[in-house]
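A short write-up of the structure that comes next.
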Protein chains: 2
Amino acid sequence: MTRVLVVDDEPQIVRALVINLKARKYEVDAAHDGASALELAAARHPDVVLLDLGLPDLDGVEVIRGLRGWTRVPIIVLSARHSSDEKVEALDAGADDYVTKPFGMDELLARMRAAIRRAEPVAGEDESTVVTEGFTVDLAAKKVNRDGTDIRLTPTEWHLLEVLVRNAGRLVSQTQLLQEVWGPAYRTETNYLRVYLAQLRRKLEADPSHPRHFITEPGMGYRFEP
Amino acid sequence: MTRVLVVDDEPQIVRALVINLKARKYEVDAAHDGASALELAAARHPDVVLLDLGLPDLDGVEVIRGLRGWTRVPIIVLSARHSSDEKVEALDAGADDYVTKPFGMDELLARMRAAIRRAEPVAGEDESTVVTEGFTVDLAAKKVNRDGTDIRLTPTEWHLLEVLVRNAGRLVSQTQLLQEVWGPAYRTETNYLRVYLAQLRRKLEADPSHPRHFITEPGMGYRFEP
DNA sequence: GGGGGGCGTCAAGACTCCGTTAGGACTGGC
DNA sequence: GCCAGTCCTAACGGAGTCTTGACGCCCCCC
């Protein structure tokens with residue numbers, strides 16, 4: 001669950017925020033001065049901090065610096081002051097966003113979501129490796145690994161492999177392969193395919209003469225089977 | 001240098017932004033509709049996007065989605081609309097910040113700095129040093145150590161090493177290397193790569209003629225293996 | 001059972017690409 | 001204005017890659 005640290009010295013505001021956040025399934029901690037804010041942040045490791053600038057003990061900017069000394073947790077400043085200088089100072093001290101009171105709760109929540117999303121590690125899209133029983137193809141790193149050792153492929157071999165792997169399981173026609181790898185002028189040079197498919201099989205198949213992953217569909221094309 | 005993409009259909013606003021940003025040593029590209037914004041973003045890889053929501057062709061939110069399909073570049077929305085719904089929609093679509101016109105230039109710049117800082121890779125303690133058997137690269141301190149002594153690298157050598165090390169294990173194409181180190185106009189000068197790779201190997205490899213860490217993939221590019 | 005098209009295999013020449021070297025141009029510091 | 005360091009550029013030999021043609025096999029169709 002996402003954890004939020006609310007820092008404000010006005011009890012009403014804290015209460016309003018806490019109620020709203022808990023209703024949306026956030027886990028909420030609250031501090032009403034700078035010192036306890038820093039303590040709570042260290043103890044609870046929140047995913048986002050909502051920070052009022054007007055605290056009784058520390059200047060809000062000091063709190064930001066204190067946090068930035070050891071964490072990159074998103075900090076959203078809440079402040080009644082509209083002055084441009086204050087905003088610049090807080091942002092340059094390390095704040096991520098600056099919202100002036102009074103603010104709409106919807107907007108604040110959207111800004112929180114944006115800040116949290118941004119802080120997430122790049123999770124997705126890294127699924128660029130294809131694994132078979134015999135070998136592993138890493139499309140991003142342009143690497144092929146077999147039995148723990150990297151296999152060297154020539155540019156043409158790699159290009160051909162890439163087209164086949166990106167269409168894993170599907171039949172790719174000879175015309176399409178030739179066009180993608182050698183260009184539109186070579187759409188009839190089926191010779192090339194035979195030569196390079198053989199080389200790929202020799203480098204990657206356990207038994208090159210009985211391929212299991214690079215299947216020939218006579219008269220039609222080739223298919224890569226993971 | 002930090003690159004900014006400004007997207008707005010009102011020429012005055014674009015002009016004002018461009019002047020202000022260039023005065024502060026940002027590199028600026030400008031687009032006046034959504035389609036060219038997406039194109040420019042793909043071509044130039046900006047470090048931050050300033051996006052007006054009211055574009056002639058696409059809805060601003062569509063532009064955000066288009067960008068978020070392939071990049072996490074910070075997007076700061078500039079809009080004349082104060083409605084909370086609009087803000088929520090833009091932020092949830094993937095925007096990082098939402099500034100309502102008219103805005104103070106100081107504040108916008110501070111929000112830009114915050115967005116850019118946040119997007120920076122975790123430079124500190126995390127994994128800013130890469131260690132191999134022969135040498136150690138400290139990306140944060142810009143230092144290379146070998147057998148206890150620091151190795152001096154020229155700016156170009158360092159830049160090249162940095163790109164390779166940041167993509168450790170992955171293959172980096174010659175085009176990408178040339179573009180990152182020398183700029184888009186030099187994408188075909190593979191000469192440079194050969195010369196500077198040789199210098200890097202001479203300074204860092206135990207046996208420069210049989211490199212173990214700076215691997216050549218003929219016809220494709222180079223790869224740094226830790 | 002014979003013929004033919006499609007496929008796998010092999011080898012050799014042409015070609016591209018890479019490592020290396022060296023010299024001249026350029027820049028910044030003294 | 002000189003000097004050291006750095007960058008750009010061109011050229012060459014060698015290694016690896018691509019292209020190309022030829023040959024034999026298998027399977028399908030006649």
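Numbers restart at 1 for each chain; the letters A, B, ... are given by sequence-line order, proteins then strands.
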Counting distance only, does the side-chain N/O of Arg223(B) pair as donor-acceptor with the main-chain N or O of Lys142(A) below 3.5 Å?
yes
Assign each of Pro155(B) and Thr156(A) to its nearest nucleotide of DNA chain D by heavy atoms, then name whichever residue's nucleotide is nearer the 5' end.
Pro155(B)
Which class fits the ring pair Phe224(B) and Phe214(B): parallel under 30°, tilted 30 to 60°, perpendicular over 60°?
tilted
Ranking dT9(C), dG19(C), dT20(C) by distance to the side chain of Val195(B), first place goes to dT20(C)
Whole Å only: how far is the CZ atom of Arg202(B) from the C1' atom of dT21(C)?
9 Å
So what does Phe214(B) touch, heavy atoms closer than 4.0 Å: a base, only the sugar-phosphate, or nothing?
nothing
Keeping the roles fixed (side chain from Lys203(A), backbone from Arg152(A)), state whether a donor-acceptor pair exists under 3.5 Å.
yes
Among dT20(C), dC8(D), dG19(C), the one nearest any side-chain atom of Tyr196(B) is dC8(D)
Between Arg194(B) (CZ) and dC17(C) (P), how many Å, whole number?
10 Å
Any donor-acceptor pair under 3.5 Å linking the side chain of Thr216(B) with the backbone of Pro218(B)?
no
Using whole Å, report how far CG of Asn191(A) lies from C1' of dA12(C).
15 Å
Keeping Arg68(A) on the side-chain end and Gly94(A) on the backbone end, is there a donor-acceptor pair under 3.5 Å?
yes
Mind calculating the distance between CD (Glu189(B)) and C1' (dA10(D)) to the nearest angstrom?
11 Å
Upstream residue (5' side of DNA chain D) when Thr154(B) and Trp182(A) are each assigned their closest nucleotide
Thr154(B)
Taking the side chain of Pro218(B) as heavy atoms from C-beta outward, which of dG8(C), dT17(D), dT21(C) is closest to it?
dT17(D)
Pick base, sugar-phosphate or nothing for Tyr222(B), based on heavy-atom distances below 4.0 Å to the nucleic acid.
sugar-phosphate
Spacing of His159(B) atom NE2 relative to dT6(D) atom C1', expressed in whole Å:
16 Å
Once you round it to whole Å, what is the distance between C1' of dG16(D) and CD of Gln199(A)?
12 Å
Whole-Å distance separating the CD atom of Gln174(A) from the C1' atom of dG5(C)
12 Å
What is the distance from CZ of Arg152(A) to C1' of dC17(C), rounded to the nearest Å?
12 Å
